[in-house]
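The block underneath contains the structure these notes are about, expressed in structure tokens.
Every value quoted in this text rests on a predicted model; they were computed, and no experiment measured them. Values below: every heavy atom of this structure, side chains too, minus hydrogens, waters and symmetry copies.
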Amino acid sequence: MPHFFVDEEIITNEYTLSGEDGRHIIKSLRMNKGEELTLCSPSGTIYNCVVENTEGDMVDLSVISREMSVAEPDVKVTLYQALPKGDKMELIIQKSVEIGVTEIVPVISSRCVSRPDKKSLSKKIPRWQKIAKQAAMQSGRGIIPKVQECISFKEAVLSARGEKVIFYELGGDSLKSVLESRPKEISIFIGSEGGFSSEEVSLVTDNDGRKATLGKRILRAETAPLVALTTIMYETENME
């Protein structure tokens, strides 16, 4: 069922979508009177709706039921992703949102090959946020995960919340053991193509973080965050 986000709580049983979402419903999805879609508010309330009328870019809806979203995991995961080369970040954002990430923070680490200037990065953020929104719509999320501004690795470590975990190709604790305490908030650090330096790993562990491994195989920069997130969702019983 098509899924859209709105910026407000819906009080009455009638609502009108317009603009980009309205045009998408009418021109791309070609929805007609009587067809159903869902809206999601900032609180995570899901509104099950029926199309009553379409005109221009306006879609009039009737709300037939309300319920809280069950798509959101009960663990909040922030992904601190060291910038990879090319357009890999777009894939990472899209799939991370589908899996259940709460927030994504691009990071410049010591081994990043990709080092765009601030102006170039500022132009990328809106596109990355749009990708996150589209992925959240497609997967029926209760929120649109936020893609933050790019920061330095040190800033990332000092701002990270909850259980801090840095994934290191030279070994560490198993992710299963890290999650034994069932943390409700986790910050994970994933490297770019060159991984992390030993100094960066020490910065995390010196700030109450843990070093972890995703196994004996070396994963690509765009594969590692998806494996880490999937494992976290599985181990915290958010894939049942």
Short side-chain to backbone donor-acceptor contact, S159 and A156, under 3.5 Å
yes
Of all the heavy-atom pairs spanning A71 and G140, show the shortest one and how long it is.
CB-O, 3.2 Å
Would I99 and L226 count as a side-chain contact (heavy atoms from CB on, under 4.5 Å) if you check the C-alpha gap in whole Å, the side-chain angles of each, and the deciding distance to 0.1 Å?
CA-CA 8 Å; I99 294 168; L226 310 185; 4.1 Å; yes
Heavy-atom nearest pair, E52 first then S62, reads OE2-OG, 2.8 Å
Cluster overlap I104 with I131, hydrophobic side-chain contacts below 4.5 Å:
yes
Do V75 and V97 land in one hydrophobic cluster if side-chain heavy atoms of ILVMFWY residues count as linked below 4.5 Å?
yes
For residues 162-173, run the donor-acceptor check on the side chains, cut-off 3.5 Å, and write out each pair with its distance to 0.1 Å, sequence neighbours left out.
from : atom 1 : to   : atom 2 : distance (Å)
K164 : NZ     : V157 : O      : 3.1
K164 : NZ     : N207 : O      : 3.3
D173 : OD2    : R210 : NE     : 3.4
D173 : OD2    : R210 : NH2    : 3.0

Heavy-atom donor-acceptor pair, Q129 side chain to P145 backbone, under 3.5 Å
yes
R23 (side chain) donor-acceptor with D57 (main chain) under 3.5 angstrom:
no
How far does OG of S109 sit from CD of Q81, to the nearest 0.5 angstrom?
9.0 Å
Flag yes if F196 and V178 sit in one hydrophobic cluster, no otherwise; membership is Ile, Leu, Val, Met, Phe, Trp, Tyr, and two members link when side-chain heavy atoms are under 4.5 Å apart.
no
Report the residues that fulfil salt bridge (charged side-chain N to carboxylate O under 4.0 Å, His left out) with E35, sequence neighbours left out, ordered by chain and then residue number.
none
Under the salt bridge (charged side-chain N to carboxylate O under 4.0 Å, His left out) test, which residues partner R66, sequence neighbours left out?
none
E14 atom CD, over 12 foreign heavy atoms within 6.0 Å:
no
In chain order, what residues pass the salt bridge (charged side-chain N to carboxylate O under 4.0 Å, His left out) check against D7, with sequence neighbours excluded?
none
Going by side chain to side chain donor-acceptor pair (under 3.5 Å), S65 matches just one of N48, T38, N13. Which one?
N48
Of all the heavy-atom pairs spanning A228 and L214, show the shortest one and how long it is.
CA-CD2, 3.9 Å
Check the pair I46, H3 against side-chain contact (heavy atoms from CB on, under 4.5 Å), reporting the backbone distance first and the verdict last.
CA-CA 9 Å; I46 299 294; H3 185 77; 3.5 Å; yes
With heavy-atom distances below 4.5 Å as the criterion, would you say the side chains of V107 and L83 are in contact?
no
Without placing hydrogens or testing angles, list every side-chain donor-acceptor pair under 3.5 Å for residues 216-223, not counting sequence neighbours.
from : atom 1 : to   : atom 2 : distance (Å)
R220 : NE     : E222 : OE2    : 3.0

Members sharing V6's hydrophobic cluster (side chains within less than 4.5 Å)
F4, F5, I10, Y15, L17, I25, I26, L29, M31, L37, L39, Y47, V51, V59, L61, V63, M137, I144
Under the ring-ring contact (aromatic ring centres under 6.0 Å, His included) rule, collect the residues that match up with Y80, sequence neighbours excluded.
F189
Does any N or O in the side chain of R182 come within less than 3.5 Å of the main-chain N or O of L179, such that one atom is a donor and the other an acceptor?
no
Any donor and acceptor pair, going by atom type alone, linking the side chain of T45 with main-chain N or O of S41 inside 3.5 Å?
no
Are V201 and I186 connected in the hydrophobic side-chain network, where two residues link if heavy atoms are under 4.5 Å apart?
no
Please determine whether side-chain contact (heavy atoms from CB on, under 4.5 Å) holds for the pair V77 and L229, giving the CA-CA distance in whole Å, both sets of side-chain angles, and the decisive distance to 0.1 Å.
CA-CA 8 Å; V77 184; L229 284 165; 3.6 Å; yes
Under 3.5 Å, side-chain donor or acceptor atoms of residues 87-94 against the rest of the protein: list the pairs with distances, not counting sequence neighbours.
from : atom 1 : to   : atom 2 : distance (Å)
K88  : NZ     : E193 : OE2    : 3.1
E90  : OE1    : R127 : NH2    : 3.1
E90  : OE2    : R127 : NE     : 2.8

Applying a strict under-4.5 Å side-chain criterion to I, L, V, M, F, W and Y, I'd like to know whether I125 and I143 cluster together.
no
Quick one: CG on L175 to OG1 on T213, what's the gap to the nearest 0.5 Å?
9.5 Å
Residues which pass salt bridge (charged side-chain N to carboxylate O under 4.0 Å, His left out) with K85, listed by chain and number, not counting sequence neighbours
none
In short, side-chain hydrogen bond (donor to acceptor under 3.5 Å, both in side chains) pairs touching residues 231-240 with sequence neighbours left out are D74-N238, T236-N238
When rounded to the nearest 0.5 Å, the distance separating CG of L203 from OG of S110 is 11.0 Å
Could you give the distance from CD1 (I190) to OG (S96), rounded to the nearest 0.5 Å?
9.0 Å
Output the distance between atom OG (S202) and atom NZ (K211), rounded to the nearest 0.5 Å.
8.0 Å
Between E9 and S43, is there a donor-acceptor pair closer than 3.5 Å when you use the side chain of the first and the backbone of the second?
yes
Side chains of I108 and R115, heavy atoms from C-beta outward: is any pair under 4.5 Å?
yes
Can you tell me if E185 uses its side chain to pair, donor with acceptor, with the backbone of K76 under 3.5 Å?
no
Partner residues of S139 under the side chain to side chain contact (heavy atoms under 4.5 Å, CB included) criterion, sequence neighbours left out
E98, R141
Residue pairs passing the ring pair (Phe, Tyr, Trp, His ring centres under 6.0 Å) test where at least one lies in residues 111-144, sequence neighbours excluded:
none
CE of M58 to CG of N53, rounded to nearest 0.5 Å, is 10.0 Å
